[in-house]
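Since the structure comes first, as structure tokens, the remarks are kept for the end.
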Amino acid sequence: MKNPEQVPATAPPAAAAERHHGSRARALELRVLVDGVDMAGKSTLVQALVAELEERGVPAVRHRGMLAGLHPLQPLLRQLSSARQLDSWWTTTAYVVGGFLLDGLLVRLLPPRPRDRVIVQDGYGDRTVAFGMAGGPYLAAALALRWPRAFARFDLAIFLHASHEARAARLDQGRDYIDVRDERPASSPAPATLGRTP
């Protein structure tokens, strides 16, 4: 039985080349999520992954925020205080529904940019849901756990953990060392003092 993925030996060179480049393009359009608790080393790992992929000749880009190429509510969501999410069902609902749920729908029509690159996502909706469950549990967070397929998907997810001591030590370094609320844009240079998670 012929393997449907196998290119026949009689196929024209142009057809074989087109098939090869099409497979490469699909391989490059991967989404890798790096998430976890605050100060676990997410940004450090994201930067290391992007650098390693680029060194190996695989175009990669660091990404933060919503995945869709255009998300109309993202500027409004950034005005909400994520530091008060534990005490606010409204913040959880706004981020889960108006942010990540809408993003899951939009990303199917407006893929992330730039294209033909591995997207290494620095955090996503998992922490929002986790805070919503810890603070409430709030309905939006509970529904997000019930129907995870409604949200944007990733090809690979890496969840980090760090000990309480390690996180406390990072917190003592001050706001120039950490980026707890994801305020530093992805295009900003990383602090030179960031190290590996113990």
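In this structure, the side chains of R64 and S43 come closer than 4.5 Å at one or more pairs of heavy atoms. Using a 4.5 Å heavy-atom cutoff, the side chains of T92 and F131 are not in contact. With a 4.5 Å cut-off on side-chain heavy atoms, D126 and L33 count as touching. Between L160 and V34, some side-chain heavy-atom pair lies under the 4.5 Å cut-off. The shortest side-chain heavy-atom distance between T128 and V96 falls under the 4.5 Å cut-off. Counting only heavy atoms from C-beta outward, the side chains of V61 and P112 never approach each other to under 4.5 Å.
Of the inter-residue distances, the one linking Q121 atom CD with L49 atom CG reads 13.0 Å to the nearest 0.5 angstrom. Here L105 contributes atom CG and L101 contributes atom CG; the two are 5.5 Å apart, rounded to the nearest 0.5 Å. Put simply, CD1 on I119 and CG on L30 are 9.5 Å apart, with the number rounded to the nearest 0.5 Å. Summarising the geometry, atom CG belonging to L102 is positioned 8.5 Å from atom CE belonging to M66; distances are rounded to the nearest 0.5 Å.
At distances below 3.5 Å, not a single donor-acceptor pair connects side-chain atoms of Y138 with backbone N or O atoms of T93. Using modelled atom types, no side-chain atom of K42 and backbone atom of F159 make a donor-acceptor pair closer than 3.5 Å. In terms of modelled atom types and a separation under 3.5 Å, the side chain of H71 and the main chain of G99 share a donor-acceptor contact. The backbone N or O of G65 lies less than 3.5 Å from no partner atom in the side chain of Q74, so there is not a single donor-acceptor pair. At distances below 3.5 Å, at least one donor-acceptor pair connects side-chain atoms of E54 with backbone N or O atoms of A60.
Both Y95 and L145 are members of a single hydrophobic cluster when ILVMFWY side chains are connected at heavy-atom separations under 4.5 Å. Under a hydrophobic-cluster definition in which Ile, Leu, Val, Met, Phe, Trp and Tyr are linked whenever side-chain heavy atoms come within less than 4.5 Å, directly or via other members, W90 and L139 are assigned to different clusters. The cluster map of Ile, Leu, Val, Met, Phe, Trp and Tyr, joined by side-chain heavy atoms under 4.5 Å apart, puts M133 and F100 in the same cluster. Linking Ile, Leu, Val, Met, Phe, Trp and Tyr whenever their side-chain heavy atoms come within less than 4.5 Å leaves L143 and W89 in two separate clusters. In this structure, V120 is a member of the same hydrophobic cluster as L156, with clusters built from ILVMFWY side-chain heavy atoms closer than 4.5 Å.
Listed here is the closest heavy atom pair of G57 and P59: O-CD, 3.5 Å. Here the closest non-hydrogen pair linking A94 and L80 is CB-CD1, 3.6 Å. Summarising the geometry of F154 relative to V32, their closest heavy-atom pair is CD2-C, 4.1 Å, with the distance given to 0.1 Å. When every heavy atom of A152 is checked against every heavy atom of L67, the shortest pair comes out as CB-CD1, 3.7 Å. L106 and P72 get closest at one heavy-atom pair: CD1-CD, 3.7 Å.
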Trace of the side-chain contact (heavy atoms from CB on, under 4.5 Å) decision for Y124 with D103: CA-CA 11 Å; Y124 198 61; D103 192 45; 2.4 Å; yes
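The pair D122-R62 meets the salt-bridge criterion, since a charged nitrogen lies less than 4.0 angstrom from a carboxylate oxygen. With respect to D155 and R31, no salt bridge is recorded, no charged nitrogen being found less than 4.0 Å from a carboxylate O.
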